[in-house]
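Some notes on the structure that comes next.
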Amino acid sequence: MAGGAVLEERYNPKSVEERWRKAWQENRTFKVSEDLSKPKYYCLEMFPYPSGRIHMGHVRNYAIGDVVSRYKRMRGFNVLHPMGWDSFGLPAENAAIKHGIHPQKWTLENIAFMRDKQLKRLGLSYDWDREVTTCLEEYYRWNQWFFIKMYERGLAYKKLSYVNWCPSCATVLANEQVEAGLCWRCSSVVQHKELEQWFFKITAYAEELLSWCDKLTGWPERVLTMQRNWIGKSTGVEVDFAVEGTGDKLTIFTTRPDTLFGVTFMSIAPEHPMLESLIKGRPQAGEVRSFVQRVMSEDKAARTDEKQEKEGVFTGAYAVNPLNNEKVPVWVGNFVLMEYGTGAIMSVPAHDQRDFEFARKYGLPVRIVIQNPEKNLDAATMQQAYVEDGIEANSGNFNGLANSEAKERIADFVEQRKFGKRTVNWRLRDWGISRQRYWGTPIPIIYCEKCGAVPVPEKDLPVRLPMNVELTGRGRSPLAEARSFTEAACPKCGGKARRETDTMDTFVDSSWYFLRYCSPREDSAPFAKKAAAYWMSVDQYIGGIEHAVLHLLYARFFTKVIRDLGLFDGDEPFVNLLTQGMVIKDGAKMSKSKGNVVDPDFILNKYGADTARLFSLFAAPPERDLEWSDQGVDGAFRFLHRVWTLVYRHIEAVRGIKAAGVEARGDRLYRKTHVTIKKVTEDIEREFHFNTAIAALMEMVNEMYDYTSAGIASDKLPMLRSAIDSVTRLIAPFAPHFAEELWAALGNSTSIANASWPQHDPEAIVATEITIVVQVNGKVRSKLTVPAGTSDRELEVAALADAKVKEFTNGKTPRKVIVVQGKLVNVVV
RNA sequence: GCGAGAGUGGCGGAACUGGCAGACGCGCCAGACUUAGGAUCUGGUGGGCGACCGUGGGGGUUCAAGUCCCCCCUCUCGCACCA
């Protein structure tokens, strides 16, 4: 047996934790496999990037997940709780450039250190046999496999487009990776650049990704809101305006067809493909070109800044409004985005604030087409656009209709006359996955001079990332420099060809790793279908809010694609999501520059893992930010000490004693024990409120001290035994090494991880006597102790007879007496 | 501007469907044991001398409001020229 059957006098976390860490490893305590006889539970924490060291945020994240896993396990679930490494990515490459160490070596060394020297010390109940490392070919080959499957279905495609370019990372970024115009990783100003890129067609799933937001009831509302905003569905109408003098059509998108009669000009994006033909041969051409050039030279941050002055120039061209055959000027506007809608808009200054400002600035006409029913609008004097609902005016046959009604009627009219059609526009763009970097999954495409882009056949996978590549941090994709890599034969015709040298965005790796955990050593498929059918979906996913739209949206998308490939029978990857708060110190996020970082190793050395876990779970509920407090850690340590000392004192006396059963009902410690079991269980079940669960355990331990303060009679030993027994089980998910040690000392020879969770005795918690609060006019004046089950009538009589009540009612007759069953009496005078 | 969340002692935080505000912990104060205590144990600890007053501010509903309704303030996060 691994545990010491005799307790040492003083709690020594170091020796206790070492002993149990070893025991768990040797006994394979947390190894799991599919077992149809038990209900399954899949608990997952977002896997880390192997940066070299873990931080307090990791400790908190994994401690939360571990409590959930261990608790569910004790409740009889077959728990899958895996860990792995999101191990492709830029820092490895930067380390290579800076220190001349190969990214692979750097990464694998970091993983070994973080796994063996850091994570394993935390006592986390992982099945380490399921470890997944995304930078190994046994994993990334399946990224390539998915790419090819998606390519075959038209879900992966290449196109020339304007992309977000980070000059510092020297690579392209997805839209999701640009935050306020800055690179999400290094905060450089993102540039606009035209490049050929590979895309995943996430927009094909936009509707489904959106509609499922309503069904993910186990997700925090704010994450769903962010996803809904990001997907950004807007329904409207596309309308064709004929360009005067040419046969061309200028198509615009609008959500406000009810304002179509109020169009007084048009605006198009500087990148609009029709621009050249519009200005050709016109006197305005020169001015337009220099305007366009100036706007396009601005970086993305400046261009999309709301405070940016709205500017434009007249192209000299006119377009015809198909509804009233009116001629309106076409302008180029710096605020019109080519990526959204059609890159051209109709401008209705009377009813759109942007258009209004633009019209006033350039002296363009304003025409009211929706009248305010409260107060007549005047185009000449209005100070801002009228964007509320109202009645149609100046709108031909539609005059007099409510604008909400007119929206539909005008859209119908547009469709009947074939001026355009109803459409839906999405803010969501396809996911650009090409990265001009080395340390990632090679995109499995070969370019043949004759056949064009040809996917690498499945049998030739993986396309291995070559190891002998020089990394300079400059210029093009590092892979492009490696001739042995780029030279290839066309899989179709065998002719001379070259390989794609871009690698995939690392968010591809984390989009399906949760499926891989189900069967991590499977080598004929990304995962075994049967294993996934058993384990998926993830019952509880835990991680930071920072992935609210990035990873969590991509993973949902991949899951749906994988479903449609017939590999997995489910719609969503994560049933419940817990977004834990940050760990902060002195009111700010821990960061090197602020010098407020707490090193997990230091805490582990000084107090041990159980204290570190206990504190991070006790100091705040998981979804809130946690303020780190050195003194708070002392408090957690002290609590474990108190439990230890209590058990140490009585262990000899209770060793051979049988725990108390129902015959002990009525004993105050027995009652407290069962109240605590109920409270701890409910707090874990209800939103994982570990802080109050731990508080309840502390209360119980205080009660145990009190119970035993004057020594203990032998007839009370069964109650003490059952209390110690229960506390040990209840504390096990929080402080597992500690609990194992006590558990062994109590004479158990199997791990407490496999012990059952205690169940409370409902009869035991029914009090025989209850305290009733007595109020006079809503203010607490007295308390009554009465037998449970005293009737309302008796309570009222007792309250009115109370001396204090008489004093405060001062002889007046009560106007009303309110009795709340078992709680309170309020006398109103 | 839009959306989400929050505001409670000196501090972190409790208070499930309206029913003793401040559980539990930290800190602080006092005492015990001690050569000693930054160890441990015991007790106390919202404010005010008091009637009383206290959950960001102001109204309201109710026998009763941290909790429900209306108005306002502050903070955090996300989105933000999306046509």
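Below, chain A is the first sequence line, B the second, and so on; all start at residue 1.
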Complementary nucleotide of B:U61, counting Watson-Crick and G-U pairs under 3.5 Å: none

For atom CE of A:Met698 and atom C1' of B:G13, their distance in whole Å: 12 Å

A:Arg624 vs B:A14: side-chain N/O to OP1/OP2 distance below 4.0 Å: yes

A:Ser234-A:Tyr340 side chain donor-acceptor pair, cut-off 3.5 Å: yes

4.5 Å side-chain heavy-atom contact, A:Glu699 and A:Lys679: no

Per A:Arg222 side chain, nearest of listed nucleotides B:A4, B:A83, B:G25: B:A4

Distance in angstrom units between A:Ile584 CD1 and B:C11 C1', rounded: 13 Å

Side-chain donor/acceptor of A:Lys816 to base of B:C63, under 3.5 Å: no

Inter-nucleotide C1' distance (B:G7, B:U67), Å rounded: 14 Å

Distance test, side-chain N/O of A:Arg642 to OP1/OP2 of B:U40, below 4.0 Å: no

5′-ward residue of the pair A:Arg10/A:Glu699 relative to RNA chain B: A:Glu699

Pair partner, B:C81 [Watson-Crick or wobble, under 3.5 Å]: none

From B:G25, B:C82, B:C20, nucleotide with atom closest to A:Leu337 side chain: B:C82

Gap in Å between the two P atoms, one belonging to B:C73 and one to B:G54, rounded: 23 Å

Base-pairing mate for B:G5 - Watson-Crick or G-U, with both contacts under 3.5 Å: B:C75

Phosphate-side-chain proximity, A:Ser267 and B:A83, N/O vs OP1/OP2 below 4.0 Å: no

Whole angstrom value for the distance that separates P of B:G25 from CG of A:Leu697: 12 Å

P atoms of B:A65 and B:C20, separation to the nearest Å: 11 Å

B:A30 versus B:G78 - spacing of their P atoms, nearest Å: 46 Å

Options B:C16, B:G19, B:U42, nucleotide nearest the side-chain atoms of A:Arg686: B:C16

Sugar-phosphate, base or nothing in reach of A:Val828, heavy atoms under 4.0 Å: sugar-phosphate

Pairwise P distance, B:U62 and B:G57 [rounded to whole Å]: 23 Å

Spacing between A:Lys589 atom NZ and B:U76 atom P, to the nearest angstrom: 16 Å

A:Arg781/A:Glu807 salt bridge by N-O under 4.0 Å criterion: no

Residue-phosphate contact under 4.0 Å: A:Arg781 side-chain N/O, B:C52 OP1/OP2: yes

Between CD on residue A:Glu238 and OG1 on residue A:Thr342, distance to nearest 0.5 Å: 6.0 Å

B:G25 phosphate, OP1 or OP2, under 4.0 Å from A:Asn702 side-chain N/O: yes

B:U40 to B:G66 separation - P atoms, rounded to the nearest Å: 38 Å

Residues A:Glu623 and A:Arg222 bridged, charged N to O under 4.0 Å: no

Listed nucleotide nearest any side-chain atom of A:Arg638, set B:G12, B:A39, B:C20: B:A39

Aromatic ring pairing A:His547/A:His551, orientation class (parallel under 30°, perpendicular over 60°, tilted between): perpendicular

Ring-face cation contact, A:Phe335 with A:Arg354, 6.0 Å cut, 45° max: no

Separation of atom CD in A:Glu682 from atom C1' in B:U17, rounded to whole Å: 14 Å

Sugar-phosphate only, base, or nothing, as touched by A:Gly635 at under 4.0 Å among non-hydrogen atoms: sugar-phosphate

Glycosidic class, syn or anti, of B:G9 using a 90° window around 0: syn

Sugar-phosphate only, base, or nothing, as touched by A:Asn334 at under 4.0 Å among non-hydrogen atoms: nothing

Side-chain heavy atoms of A:Arg815 within contact of A:Val829, under 4.5 Å: no

Contact under 4.0 Å: A:Arg429 side-chain N or O vs B:C82 OP1/OP2: no

From B:C63, B:C41, B:C81, nucleotide with atom closest to A:Lys310 side chain: B:C81

Proximal nucleotide (of B:C41, B:G19, B:A23) relative to the A:Thr692 side chain: B:A23

Whole angstrom value for the distance that separates P of B:C77 from CG of A:Leu550: 18 Å

Atom-pair distance (NE2 on A:His547; P on B:C77), nearest Å: 18 Å

Heavy-atom neighbours of A:Glu8 CD exceed 12 at 6.0 Å: no

Identity of whatever pairs with B:G18 - Watson-Crick or G-U, under 3.5 angstrom: none

P gap between B:A80 and B:C68, integer Å: 32 Å

Rounded distance (Å) that lies between atom C1' of B:C81 and atom OH of A:Tyr340: 12 Å

Closest-nucleotide ordering on RNA chain B, the 5'-leading residue of A:Phe808 and A:Ile818: A:Phe808

Atom NZ of A:Lys14 with >12 non-hydrogen neighbours under 6.0 angstrom: no

A:Phe615 and A:Tyr607 aromatic centres sub-6.0 Å: no

Check: B:C20 base within 3.5 Å donor-acceptor of A:Lys783 side chain: yes

Side chain to side chain, A:Leu323 and A:Val414, heavy atoms closer than 4.5 Å: yes

Stretch residues 253-266 of chain A: residues that reach within less than 4.0 Å of RNA chain B through a heavy atom: A:Phe253, A:Thr254, A:Thr255

Touch class at under 4.0 angstrom, heavy-atom based, for A:Pro220 against every strand present: nothing

Side-chain-base donor-acceptor pair under 3.5 Å for A:Asn229 and B:C79: no

Sugar-phosphate, base or nothing in reach of A:Val223, heavy atoms under 4.0 Å: nothing

side-chain N/O A:Asn691 vs B:A14 OP1/OP2, d < 4.0 Å: yes

Rounded P spacing from B:G27 to B:G38 in Å: 12 Å

Pair partner, B:U42 [Watson-Crick or wobble, under 3.5 Å]: B:A30

